[in-house]
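None of the values given here were measured: they were computed from a predicted structure. Below, each value reflects all heavy atoms present in this structure, side chains not excepted, and no hydrogens, waters or symmetry copies.
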There are 2 protein chains.
Amino acid sequence: MNVQSIEADDKRAAIFTATVELIAEKGFHGAPMSEIAQRAKVSVGTIYHYFKSKDDLIMKLHVDIKTRFAEALLVGDDEGMEPYQRFYNLWRNMVKHLASNPAERAFISQFDNSPYEKTCGTDQHFATFARTVVFIQYGIDNGMLKPLPVIVIMEATLALANAVTRLESIGLTIDDEMLKTTCRMAWDAIASHE
Amino acid sequence: MNVQSIEADDKRAAIFTATVELIAEKGFHGAPMSEIAQRAKVSVGTIYHYFKSKDDLIMKLHVDIKTRFAEALLVGDDEGMEPYQRFYNLWRNMVKHLASNPAERAFISQFDNSPYEKTCGTDQHFATFARTVVFIQYGIDNGMLKPLPVIVIMEATLALANAVTRLESIGLTIDDEMLKTTCRMAWDAIASHE
DNA sequence: TCTCATAGAATGAACGTTCAATCAATAGAA
DNA sequence: TTCTATTGATTGAACGTTCATTCTATGAGA
């Protein structure tokens with residue numbers, strides 16, 4: 001990778017950062033290209049050099065954020081762990097990642113609840129979270145988790161993590177105790193209790 | 001109430017319906033006043049006769065939807081019921097209401113995850129769901145529910161109901177069995193299991 | 001020289017909002 | 001009853017702004 005493309009990546013990253021922050025603060029409306037450019041310290045023209053359109057920028061940003069999120073979940077993951085320990089690790093990774101990236105959390109919430117979401121297939125969603133999906137499927141097959149579709153278990157867990165971290169951004173403190181109790185909450189939701 | 005104001009309420013309701021549908025379909029961006037007017041079969045000017053601005057329209061619409069949602073939850077509610085039965089009733093009301101009003105569900109999701117949400121205080125939120133809040137607080141005080149802040153329990157339940165009904169709009173079938181299992185999911189999440 | 005990166009002015013469409021002009025209904029006076 | 005004044009509801013064209021996007025020019029490697 002040469003000097004030019006490193007610099008190019010800098011701009012790209014700056015545009016991503018500016019966009020995610022602006023959308024988190026002011027929503028999809030309220031994030032014009034001119035302001036994105038200003039915040040990223042590039043010109044409007046430069047954005048169009050890297051992205052076909054505003055929609056293209058938002059889609060690529062979404063993939064980027066989701067990919068890094070999915071990766072963050074797997075830190076310290078090990079198939080050999082006790083199921084609950086493994087889930088706790090997953091939960092902690094999830095909450096920590098969302099809590100320390102509030103703009104990304106807000107962006108995801110807005111994106112996933114907007115009409116944009118319908119442009120991404122469930123397949124891609126499953127592919128990004130492949131390893132987590134396998135973990136869940138395994139749990140269902142063994143009667144450890146509730147007999148629900150994988151997607152329900154997955155979306156339920158994500159919804160809870162999102163709810164908890166959203167509350168953090170408006171005043172809730174997430175210490176170790178809170179992490180433990182909320183993890184129990186999420187686990188109890190999906191575990192079969194047989 | 002005279003003939004004029006009945007007709008006036010018709011227009012108001014038509015504007016509300018058009019707005020909620022359009023925003024559910026195309027998001028906050030993608031719902032211009034001109035299109036709202038067209039769908040509501042009124043002129044643009046008429047909207048401004050009833051609402052100060054687009055923001056005002058959206059805020060008032062939000063209050064309207066949340067109020068009717070909170071009311072729907074209480075159908076058949078009775079303090080004398082067994083706690084789980086009472087929760088089941090609450091859950092069913094919640095899921096049925098959201099599932100049969102998909103546009104309102106989509107609107108709420110988008111609103112609550114957007115910067116608009118920050119303009120509504122938590123107080124108002126609690127006031128709207130007053131009776132439900134009391135039920136939860138009672139459950140916490142009696143050790144029946146997990147020792148978490150009321151708002152966490154409440155938002156967790158709402159998040160789960162939203163997740164489930166969102167999945168319905170993309171293919172999941174919610175029959176009685178699904179209603180029962182997902183209710184168990186939500187209850188297990190918040191119950192203390194002691 | 002040629003290519004890619006960058007800037008920022010220019011463009012045209014779309015937006016929220018305003019406004020002068022009607023229309024419909026009611027009430028009171030004659 | 002009939003005429004008139006008043007009010008509120010309704011319209012859609014017009015306005016000024018802002019937006020996403022394009023275009024042209026410039027600069028820096030290769």
Side-chain angles (χ1 to χ4, degrees), chain A residues 1-62 64 107 110-111 114-116 119, chain B residues 1-62 64 107 110-111 114-116 119:
Chain A
M1 186 177 271
N2 58 29
V3 177
Q4 216 169 60
S5 53
I6 287 174
E7 280 168 0
D9 278 357
D10 272 359
K11 304 275 179 190
R12 225 183 119 92
I15 294 166
F16 270 172
T17 305
T19 307
V20 73
E21 284 178 6
L22 215 47
I23 291 180
E25 281 170 31
K26 310 198 194 173
F28 285 116
H29 58 300
M33 295 299 258
S34 55
E35 227 169 310
I36 292 173
Q38 210 174 325
R39 194 181 284 225
K41 291 184 175 123
V42 301
S43 73
V44 192
T46 302
I47 301 180
Y48 282 90
H49 179 72
Y50 289 97
F51 304 97
K52 270 209 317 288
S53 65
K54 191 180 182 183
D55 272 9
D56 183 48
L57 162 59
I58 289 172
M59 299 295 188
K60 295 222 167 90
L61 174 56
H62 175 247
D64 178 69
F107 176 87
Q110 290 192 68
F111 188 96
S114 81
Y116 278 122
T119 62
Chain B
M1 187 178 270
N2 59 28
V3 177
Q4 220 170 58
S5 53
I6 288 176
E7 280 168 1
D9 278 357
D10 272 0
K11 304 274 179 189
R12 225 183 119 92
I15 294 166
F16 269 172
T17 305
T19 308
V20 74
E21 284 178 6
L22 215 47
I23 291 180
E25 281 171 31
K26 309 199 195 171
F28 285 116
H29 59 299
M33 295 299 258
S34 55
E35 226 170 311
I36 292 173
Q38 210 175 323
R39 193 181 285 225
K41 290 183 177 129
V42 300
S43 75
V44 193
T46 303
I47 301 180
Y48 283 89
H49 180 73
Y50 290 97
F51 305 97
K52 269 210 318 286
S53 64
K54 192 180 181 182
D55 271 10
D56 183 47
L57 162 59
I58 289 171
M59 300 294 187
K60 295 222 165 91
L61 174 57
H62 174 248
D64 178 70
F107 176 87
Q110 290 193 68
F111 188 96
S114 81
Y116 278 122
T119 63

>> Quick one, A:Ile47 and A:Phe51 - any side-chain contact, counting heavy atoms below 4.5 Å?
In response: yes

> Over how many whole Å does the gap from B:Phe28 atom CZ to C:dG16 atom P extend?
Replying inline: 13 Å

> Between atom CD1 in B:Ile47 and atom P in D:dA9, what is the gap in whole Å?
Replying inline: 15 Å

>> Just the rounded figure in Å: distance from P of C:dA14 to CD of B:Gln38.
In response: 13 Å

>> So, does B:Lys11 get its side chain near the phosphate of D:dT10, meaning an N or O under 4.0 Å from OP1 or OP2?
In response: yes

> Does D:dA9 have OP1 or OP2 sitting under 4.0 Å from an N or O in the side chain of B:Thr46?
Replying inline: no

> Counting any heavy atom closer than 4.0 Å, what does B:Val44 reach on the DNA or RNA strands: base, sugar-phosphate only, or nothing?
Replying inline: base

> Should A:Lys11 and A:His49 be marked as a side chain to side chain contact (heavy atoms under 4.5 Å, CB included) after you check the CA-CA gap, both sets of side-chain angles, and the distance that decides it?
Replying inline: CA-CA 11 Å; A:Lys11 304 275 179 190; A:His49 179 72; over 6 Å; no

> Where does the angle between the aromatic ring planes of A:His29 and B:Tyr116 fall among parallel (under 30°), tilted (30 to 60°) and perpendicular (over 60°)?
Replying inline: parallel

> To the nearest angstrom, how far is B:Ile15 atom CD1 from D:dA9 atom P?
Replying inline: 12 Å

> Does a side-chain N or O from A:Ser43 land closer than 4.0 Å to OP1 or OP2 of C:dG8, or not?
Replying inline: no

>> With a 3.5 Å distance limit and no angle check, can you tell me whether A:Gln110 reaches the backbone of A:Ile23 through a side-chain donor-acceptor pair?
In response: yes

>> Starting the side chain at C-beta, find the nucleotide from C:dA5, C:dA7, D:dT11 nearest to A:His49.
In response: C:dA5

> Which nucleotide in the list D:dC19, C:dC15, C:dT17 gets nearest to the side chain of B:Pro32?
Replying inline: C:dC15

> C:dA13 P sits how many Å from B:Met33 CE, rounded?
Replying inline: 23 Å

> Between A:Phe28 and A:Phe107, what is the ring plane arrangement, given parallel below 30°, perpendicular above 60°, and tilted in between?
Replying inline: perpendicular

> Rounding to a whole Å, what distance do you find between A:His29:NE2 and D:dC19:P?
Replying inline: 12 Å

> Once you round it to whole Å, what is the distance between P of D:dT21 and CD1 of A:Ile36?
Replying inline: 10 Å

> Atom CG of B:Leu22 and atom P of C:dC15: how far apart are they, to the nearest Å?
Replying inline: 10 Å

> Between C:dT6, C:dT17, D:dA20, which one does the side chain of B:Lys54 approach most closely?
Replying inline: C:dT17

> Between C:dC19 and B:Tyr48, is there an OP1 or OP2 to side-chain N/O distance shorter than 4.0 Å?
Replying inline: no

